[in-house]
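Values below: every heavy atom of this structure, side chains too, minus hydrogens, waters and symmetry copies. Every number for a ligand or one of its atoms is a count from 1 in the order of the listing.
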Amino acid sequence: MRFVYSDRHMLHDPKTEVQIGVAQAMHETPSRAEAIREALVADGGFTIEEPTEHGVGPIHAVHEPAMVRYLEDAWHEWEAASGAPEMIPDTVLHPALREGMAAASEPRFPLARLGYWCFETMTPVVPGTYEAARAAVDVALTTADLVLGGEPAAYGLCRPPGHHAPRAAFGGYCYLNNAAITAQYVAERSGEPVAILDVDYHHGNGTQQIFHARGDVLYVSLHGHPDRAYPYFLGYEDETGTGEGAGANLNLPLPTGCDDALYLDAIERALEAIAAFGGSTVIVSLGLDTYRRDPICDLALTTPAYHEIGRRVAALGRRLVILQEGGYYVPDLGENVREWLRGAGGSA
Ligand code: Q9C
Ligand code: ZN
């Protein structure tokens, strides 16, 4: 299988996130992507490729251009205004603040501007963030190009990840929504409906939001139930889409400790929904934070399950654009991705 990688991900290397009210070491690290690259190269069955430039057009097709402009400016503005080495908001635009009033407009004060676009405290901006996030989008779109060009499946080693970023905000370790940008790109180029299968532990609130009113893009997610799991405010079963998107969103929340057998049952439900939807391409948001040893999640999947999940997804008979999202147990991350992709590629 061909896979796309850019070393520019290393430009994004924040040290600290504030999680559960505690400043702690960042979990979303450059070592994650390096571990995956090394495992795939060592396997011998994968061919590594550089991304090509796709420009900002496909990003603006999904995200608010003012947010993209902000991400591009943010570090320079911050550097001039603050001595802090990483940007984390202290005040975010809670919807109740202006209840009954007109929507806020983008403020000018640097810390206020950060709290206008960023929705939480785990997603710092550092000097290389924008360049790395743009490279991740190019990785994703180059992977889509491979599949549009005839490959049955290809993998994009995106970092930073993307599925938590809605149209007009960033958070959840994500800045630009690689999978959503790619789904839109494939829908435009193929003229066909596109399905997104999100198997990251966390609900992909950003992807769901972007396509919630769209009937031509199906979003299906398996994730830790939002009654205990980030992003908490989305991911419930009754979120099924709105307007023309009614019926084109399927959430399958999972209990604490969910094991291989229970997960595979849920995958069958997800695959039935995708099989019933049109189109020849599936975008996979591939997170390995469902793993039993993941440090920030609570499912219990084993390494062999990833091979089986990849195999079953490929058995749909659709083309697969497989894009990296989360997964934080670095010692086994490369092996878990490798197994998933070998399953999807028909290797033992
Ligand atoms: N108290 C991805 O996996 N924080 N993002 C969870 C737990 C991490 C995860 C909070 C949420 C972001 C792409
Ligand atoms: Zn995740």
Side-chain angles (χ1 to χ4, degrees), residues 9 12 14 16-33 35-36 88-89 92 118-125 129 132-133 136-137 139-140 156-166 169-182 196-210 219-235 251-254 256 258 263 283-301 306 309 322-330 332-333 336-337 340:
H9 81 85
H12 176 64
T16 308
E17 61 179 294
V18 177
Q19 195 180 132
I20 326 175
V22 179
Q24 50 188 279
M26 195 75 196
H27 290 87
E28 201 292 288
T29 57
S31 64
R32 298 177 55 250
I36 296 168
I88 294 179
V92 302
C118 180
F119 63 84
E120 42 86 314
T121 63
M122 293 171 276
T123 312
V125 174
T129 297
V137 172
V139 164
L157 211 179
C158 298
R159 183 183 172 271
H163 74 153
H164 293 303
F170 64 95
Y173 308 156
C174 304
Y175 304 85
L176 299 172
N177 193 321
N178 307 307
I181 293 163
T182 303
I196 303 169
L197 173 63
D198 189 330
V199 294
D200 186 277
Y201 169 86
H202 302 97
H203 177 252
N205 58 286
T207 312
Q208 171 171 305
Q209 185 277 324
I210 286 164
Y219 178 71
V220 179
S221 178
L222 291 76
H223 48 267
H225 199 293
D227 67 10
R228 70 172 194 287
Y230 182 92
Y232 311 117
F233 306 112
L234 296 90
N251 285 327
L252 299 167
L254 300 166
T256 304
C258 171
Y263 195 91
I283 314 295
V284 180
S285 270
L286 177 59
L288 288 302
D289 39 10
T290 50
Y291 188 48
R292 65 194 177 95
R293 302 172 91 159
D294 195 274
I296 58 172
C297 302
D298 64 5
L299 302 194
L301 298 208
Y306 295 119
I309 295 163
I322 306 162
L323 303 178
Q324 189 60 45
E325 300 282 359
Y328 306 101
Y329 187 70
V330 178
D332 294 349
L333 181 59
N336 288 342
V337 171
W340 207 104

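Between Tyr328 and the choices Ile296, Leu333, Leu288, the side-chain contact (heavy atoms from CB on, under 4.5 Å) rule is met once, by Ile296.
The atom of Asp200 that is an N, O or S and sits closest to the Zn ion (ligand 2) is OD1. The atom of Asp289 nearest to the Zn ion (ligand 2) is OD2, with the search restricted to N, O or S atoms. Among the heteroatoms counted here (N, O or S) of His202, ND1 is the one nearest to the Zn ion (ligand 2).
Residues passing the ring-ring contact (aromatic ring centres under 6.0 Å, His included) test with Tyr201: none are found, sequence neighbours excluded. Scanning for side-chain hydrogen bond (donor to acceptor under 3.5 Å, both in side chains) contacts around Gln24 gives an empty result, with sequence neighbours left out.
Gln208 and Asp198 share no donor-acceptor pair across their side chains, judged by distance under 3.5 Å alone.
Counting only residues at least two apart or on different chains, the salt bridge (charged side-chain N to carboxylate O under 4.0 Å, His left out) pairs with a member in residues 283-296 are Arg293-Asp332.
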Please tabulate, line by line, the atom pairs linking an N/O of ligand 1 to a protein N/O at a distance below 3.5 Å, with the distance in Å to 0.1, or answer 'none'.
| residue | atom | partner | partner atom | Å |
| --- | --- | --- | --- | --- |
| ligand 1 | 3 (O) | His202 | ND1 | 3.2 |
| ligand 1 | 3 (O) | Asp289 | OD2 | 3.1 |
| ligand 1 | 3 (O) | Tyr328 | OH | 2.6 |
| ligand 1 | 5 (N) | His164 | NE2 | 3.2 |
| ligand 1 | 5 (N) | Gly172 | O | 3.0 |
| ligand 1 | 5 (N) | Tyr328 | OH | 3.4 |

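With Glu325 contributing its side chain and His163 its backbone, the two residues share a donor-acceptor pair below 3.5 Å. For the pair Gln324 (side chain) and Gly326 (backbone), a donor-acceptor distance under 3.5 Å is present.
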